[in-house]
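Report on the following structure.
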Amino acid sequence: ELSVDDLVDKYADEKKFVNIPKINLKETIVDYKQVTEMLDKTYTPDTIGDCKTFYDVTLDDITKYEKDAKKVVSYMVKEFEMKKAADQYARASVSKTGSLDMGRLHTYKYNDDLFKKVTTLPGATNHGLVLMLDWSGSMAANLQGTLKQLYNLIWFCKRTQIPFEVFAFSDQWSAGDSRHDKKIPSKITSFKSGDLIVNDCNLLQFFSSKMNSKDIYKMMHNLNMYANTWSREYYGRRYNVPYQLQLGGTPLGQAVACAMEFIPMYKKQTGVQKINTVFLTDGYGCNLNSTHHINTNNQT
């Protein structure tokens, strides 16, 4: 017979109860215009030199994949529309119009309900999608395939006209700033004792429903060139990786904390009823166990 002591895991880590601080999203999110500017400095046909083959082949790859993915995206759209319609009818309301239904008038002797009715369906475009992409070194070998799955979801959102945001979570953007002796702004607006320290994470906005089709396609090509840096296929000479977009650690827990701040704000901004959040990651996040401590002298 087992005792209580036998059921205790003597090697388990100590549990810590912490608070999620208020994230300074203004300093955490790097908008797509900044990301595009960084990519354009590297992946540009004006300074392509010996990388022309690499540039052309990766562009053709995106065009071909978009064509091949149409069938899959169409199926996703069909499934979504069916489920959305079912949800609509589940929440439909029926009300009387106040006008007589002449087709029922002859039943007045045994039917009290002689009025026309109208069925009201809730709004259709009330969904949103937020995707968080792991931008860590362990993703290098799988980055190209993961990006292509991401592109399927983007094309799906474009077809269904639902708002979407795509962020890569990274600990390298601010590290790039530090190498140039720039002051790194705090990502926490305020904190108290017991709050988690989540400074070492940026959300790089790769895609947004605010972008036009041309900018989305250009970003897809740039990221395809980036992902092919580690491809075994030979495309000729390749570009060097932009220093602030290097793959680094996995601030997965930090990204979740940022998402908890961003998603309610995004839901309010877009006015959508339901937001689905998807993390594209191989898991195993960095340690997230440091907290702020304030002593009696009000020092941290």
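Hydrogens, waters and symmetry mates play no part in the numbers below; they use all other heavy atoms, side chains included.
Between the side chain of Asn212 and the main chain of Lys214, a donor-acceptor pair closer than 3.5 Å is present. In this structure a side-chain-to-backbone donor-acceptor pair under 3.5 Å is missing from His127 to Asn276. Judged by distance alone, the side chain of Trp155 and the main-chain N or O of Lys70 form no donor-acceptor pair under 3.5 Å. Checked by atom type and distance alone, the side chain of Asp171 never pairs as donor or acceptor with a backbone atom of Cys201 at under 3.5 Å. No donor-acceptor pair closer than 3.5 Å links the side chain of Tyr266 to the backbone N or O of Leu129.
Ion pairing between a basic and an acidic side chain is recognised when a charged N comes within 4.0 Å of a carboxylate O; Asp60 and Lys64 show no such pairing.
Aromatic ring centres of Tyr65 and Tyr151: separated by at least 6.0 Å.
Under a hydrophobic-cluster definition in which Ile, Leu, Val, Met, Phe, Trp and Tyr are linked whenever side-chain heavy atoms come within less than 4.5 Å, directly or via other members, Val278 and Tyr75 are assigned to different clusters.
At a threshold of 4.5 Å between non-hydrogen side-chain atoms, the residues Lys158 and Ser213 count as touching. Phe207 is listed as a side-chain neighbour of Met219, based on a closest heavy-atom distance under 4.5 Å. Within the 4.5 Å cutoff, side-chain heavy atoms of Ile263 are placed close to those of Thr277. A heavy-atom distance below 4.5 Å is not found between the side chains of Tyr284 and Thr250. Within the 4.5 Å cutoff, the side chain of Tyr43 has no heavy atoms near those of the Cys51 side chain. Using a 4.5 Å cut-off on side-chain heavy atoms (C-beta onward), Asn222 and Val35 make no contact. Taking the side chain as every heavy atom from C-beta outward, Thr42 and Met38 never approach each other to under 4.5 Å. Within the 4.5 Å cutoff, no side-chain heavy atoms of Asn24 are placed close to those of Glu261.
In this structure, Thr270 OG1 and Met265 CE are separated by 10.0 Å, a value rounded to the nearest 0.5 Å. Here the CH2 atom belonging to Trp135 is positioned 8.0 Å from the CG atom belonging to Leu204, to the nearest 0.5 angstrom. Considering CG of Asp200 and CD of Gln172, their distance stands at 10.5 Å, rounded to 0.5 Å. Separating the CD1 atom in Ile29 from the CG atom in Leu25 is a distance of 4.5 Å, to the nearest 0.5 Å. From Leu147, atom CG reaches atom CG of Leu133 across 6.0 Å, with rounding to the nearest 0.5 Å. Atom CD of Gln149 sits about 11.5 Å away from atom CG of Leu131, to the nearest 0.5 Å.
Smallest separation of non-hydrogen atoms from Phe164 and Cys157: CD2-CB, 3.4 Å. Summarising the geometry of Asn228 relative to Asn224, their closest heavy-atom pair is ND2-O, 2.8 Å, with the distance given to 0.1 Å. What you find for Pro251 and Ser170 is that their closest heavy atoms are CG-C, 4.0 Å. Summarising the geometry of Met139 relative to Leu280, their closest heavy-atom pair is CE-O, 4.2 Å, with the distance given to 0.1 Å. When all heavy atoms are compared, the tightest approach of Tyr217 to Glu66 is CE1-OE1, 3.5 Å. The minimum heavy-atom distance linking Met260 with Ile20 is given by the pair CE-CG1, 4.3 Å.
Screening Asn152, Leu153, Thr160 for a side-chain contact (heavy atoms from CB on, under 4.5 Å) involving Val73 leaves a single residue, Asn152. Under the side chain to side chain donor-acceptor pair (under 3.5 Å) rule, Gln205 has a single partner from Gln34, Lys33, Glu165, which is Glu165.
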* Test side chain to side chain contact (heavy atoms under 4.5 Å, CB included) applied to Gln161 and Ser209, step by step -> CA-CA 9 Å; Gln161 296 184 325; Ser209 49; over 6 Å; no
* Yes or no on side chain to side chain contact (heavy atoms under 4.5 Å, CB included) for Met132 and Leu203, after CA distance, side-chain angles and deciding distance? -> CA-CA 8 Å; Met132 307 291 255; Leu203 300 183; 3.9 Å; yes
* **CA sep, side-chain torsions, deciding dist, call: Val72, Phe156, side chain to side chain contact (heavy atoms under 4.5 Å, CB included)** => CA-CA 9 Å; Val72 174; Phe156 161 78; over 6 Å; no
* Working for side chain to side chain contact (heavy atoms under 4.5 Å, CB included), residues Phe279 and Val256 -> CA-CA 9 Å; Phe279 281 80; Val256 172; 3.8 Å; yes
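Asp134 and Ser136 are linked by a side-chain donor-acceptor pair at a separation below 3.5 angstrom, with hydrogens and angles left out of the test. Residues Thr58 and Asp61 have side chains that never bring a donor and an acceptor to within less than 3.5 angstrom of each other.
For Lys148, the NZ atom counts as densely surrounded, since its 6.0 Å shell holds more than 12 non-hydrogen atoms of other residues, nucleotides or ligands.
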